[in-house]
Participant: 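One structure is given below, represented as structure tokens, and several questions about it will come after.
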Amino acid sequence: MSDLPSTYHEPVLLREVLNAARGARRAVDGTVGGGGHAASLLDTGVTLLAIDRDPVALEVAGTRLAGRDVTLLLGAFGERTVLEAVQAFHPDFILLDLGVSSRQLDDETRGFSFRPGAPLDMRMSSTGTSAADLLNEASEEELRDIFSDYADERRAGRLAREVVRRRDRGPHATSDDLVNAIRAVLGPQSGPSDFARIFQAVRIAVNDELGGLSTALPVWRDALMPDGALAIISYHSGEDRVVKHAFQDWARSCVCPPEQPICTCRARPLGTLEPRKPIVPAPAEVASNSRARSAKLRVFRVPHER
């Protein structure tokens, strides 16, 4: 396994990811980030396709993985050109490590954190709608759905109204603007856990993370070679729900409505869950790497013969 320089955080659930990749020869890392998982996958002898929508992250990974059997590709894992590249690569292992890297969180100019004065950006790439754009332009109903669906916020309607009320007086520009709106609705007892939860919801909306995931999953499953595996690490309940429901559906032999008397669907499972329950970090890993705290790894393996 590669030695990890001190400037890199230990990749989450690394041992479990490598176990899921056993026997793989051609692997895809769809969210390569700083290259932690990628470096260890390369150590097993695979040929790697490394993808990231963040040009800074891809540059960092390129430097770290220079001289190794890796191809770098800039783009979001749900984009058509990326999906086509994965299909053409014919992988037998695919990894997605969802969410934001520690490097991105630590860079205040990227606006992923609620540190005072941080810009409301949150874009994984350098183009598209920023968090400030979203908060200043989305309708109250759209904001309510974002806070409710992605942050499980009980007072989503009140928070959406407060965001709209405040932007009428002046545009939202920095983390302080959203933090103050949250405090106005949740009260003085609100704190970092509330800020993190709601900022994460805005980030998911800005980058259409759940939409991209839903698009990519079936395409990447079908791109796998026989006995290949799709491994996904999620940190958010919404992400994990999308993965869980997809994997469970694929593992069923029949997906016809219960009231339908005769099966007219595929009548066979598309693969198996390994294991059936999500894999979570051991207490020792959580103690040494706080980012692993909410991580869940789900693995789906396609049949020997397809």
Side-chain angles (χ1 to χ4, degrees), residues 9 53-54 56 76 98-214 234-242 286 289-296:
H9 290 270
R53 69 192 299 176
D54 183 346
V56 176
L98 303 172
V100 182
S101 70
S102 299
R103 181 179 294 274
Q104 289 169 322
L105 287 172
D106 292 341
D107 184 352
E108 294 188 11
T109 65
R110 302 297 300 276
F112 288 108
S113 77
F114 50 84
R115 294 187 184 94
L120 282 170
D121 193 321
M122 303 192 193
R123 291 173 295 179
M124 296 288 193
S125 63
S126 57
T127 61
T129 300
S130 69
D133 295 332
L134 178 71
L135 294 170
N136 290 323
E137 298 170 8
S139 68
E140 182 178 320
E141 292 74 20
E142 289 171 325
L143 292 170
R144 179 199 63 210
D145 290 346
I146 289 168
F147 299 143
S148 175
D149 295 345
Y150 301 159
D152 297 322
E153 176 49 55
R154 294 184 298 106
R155 289 154 288 194
R158 288 178 55 195
L159 180 56
R161 286 194 296 275
E162 183 66 17
V163 168
V164 171
R165 186 183 72 81
R166 287 172 175 259
R167 78 188 186 193
D168 288 341
R169 300 185 314 202
H172 297 282
T174 70
S175 58
D176 306 86
D177 297 317
L178 182 53
V179 165
N180 290 336
I182 296 169
R183 282 179 169 150
V185 173
L186 273 60
Q189 74 276 14
S190 59
S193 62
D194 298 300
F195 307 150
R197 177 169 51 86
I198 293 168
F199 271 66
Q200 182 183 52
V202 173
R203 187 207 80 216
I204 289 172
V206 164
N207 296 287
D208 189 26
E209 294 175 31
L210 299 190
L213 182 60
S214 297
S234 62
Y235 303 85
H236 179 268
S237 60
E239 295 170 339
D240 182 61
R241 193 177 304 118
V242 171
V286 175
N289 183 2
S290 61
R291 183 171 178 256
R293 182 177 59 254
S294 58
K296 291 182 178 180

Participant: Look up atom CG in L186 and atom CD1 in I198, then write down how far apart they are to the nearest 0.5 Å.
Facilitator: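 Result: 5.5 Å between the selected atoms.
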
Participant: Could you tell me whether the side chain of S148 and the main chain of A156 form a donor-acceptor pair under 3.5 Å?
Facilitator: no

Participant: Once rounded to the nearest 0.5 Å, what's the spacing between atom NE2 of H172 and atom CG of L178?
Facilitator: 7.5 Å

Participant: Does the side chain of R53 come within less than 4.5 Å of N207's, by heavy atoms?
Facilitator: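 Sidechains of R53 and N207: in contact.
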
Participant: D240 vs S237, test: side chain to side chain donor-acceptor pair (under 3.5 Å). Steps then yes/no.
Facilitator: CA-CA 5 Å; D240 182 61; S237 60; over 6 Å; no

Participant: Quick one: CD on E140 to CG on D145, what's the gap to the nearest 0.5 Å?
Facilitator: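 It comes to 11.0 Å.
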
Participant: Considering only heavy atoms from C-beta outward, does the side chain of R161 approach that of V164 to under 4.5 Å?
Facilitator: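 No, side chains not in contact.
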
Participant: Check A131 against V202 and note the closest heavy-atom contact, atom names and distance.
Facilitator: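 Smallest heavy-atom distance, with atoms named: CB-CG1, 3.8 Å.
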
Participant: For residues E137 and R167, report the shortest heavy-atom separation together with the two atoms involved.
Facilitator: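 Closest approach of E137 to R167, heavy atoms only: N-NH1, 3.7 Å.
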
Participant: In Å and rounded to the nearest 0.5 Å, what is the CZ to CD1 distance from F114 to I182?
Facilitator: 9.0 Å

Participant: Measure the CD-OG distance between E239 and S214 for me, rounded to the nearest 0.5 Å.
Facilitator: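 Reported to 0.5 Å precision, the distance equals 11.0 Å.
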
Participant: Is E209 salt-bridged to R203, cutoff N-O under 4.0 Å?
Facilitator: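 So E209 pairs with R203 through a salt bridge.
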
Participant: Search all heavy atoms of L98 against all heavy atoms of S234 and return the closest pair with its distance.
Facilitator: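 Scanning both residues completely, I find the closest heavy atoms to be CD1-CB, 4.2 Å.
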
Participant: Is any side-chain heavy atom of V185 closer than 4.5 Å to one of E153?
Facilitator: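 E153 does not reach V185 side chain to side chain.
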
Participant: Would you say the side chain of N136 lies within less than 4.5 Å of the side chain of L120, judging by non-hydrogen atoms?
Facilitator: no

Participant: Taking salt bridge (Lys or Arg N to Asp or Glu O under 4.0 Å) as the test, write out the residues that go with R165, two or more places apart.
Facilitator: E162

Participant: Specify the closest pair of heavy atoms between L135 and V163, including all atoms of both residues, with the distance to one decimal.
Facilitator: O-CG1, 3.7 Å

Participant: Let me confirm one number: the CZ-CG distance from R154 to L159, rounded to the nearest 0.5 Å.
Facilitator: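 The distance works out to 12.5 Å.
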
Participant: For the residue pair Y235 and A295, what are the closest heavy atoms and their distance?
Facilitator: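 For Y235 versus A295, the nearest heavy atoms are CE2-CB, 3.6 Å.
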
Participant: With a 3.5 Å distance limit and no angle check, can you tell me whether D176 reaches the backbone of G117 through a side-chain donor-acceptor pair?
Facilitator: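 Pair found, side chain donor or acceptor close to backbone of G117.
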
Participant: Work out which heavy atom in A201 is nearest to a heavy atom in I146; give both atom names and the distance.
Facilitator: O-CG2, 3.7 Å

Participant: I'd like to know if the side chain of R123 and the backbone of S130 have a donor-acceptor N/O pair within less than 3.5 Å.
Facilitator: no

Participant: Would you call S175 and F199 a side-chain contact if the rule is heavy atoms closer than 4.5 Å?
Facilitator: yes

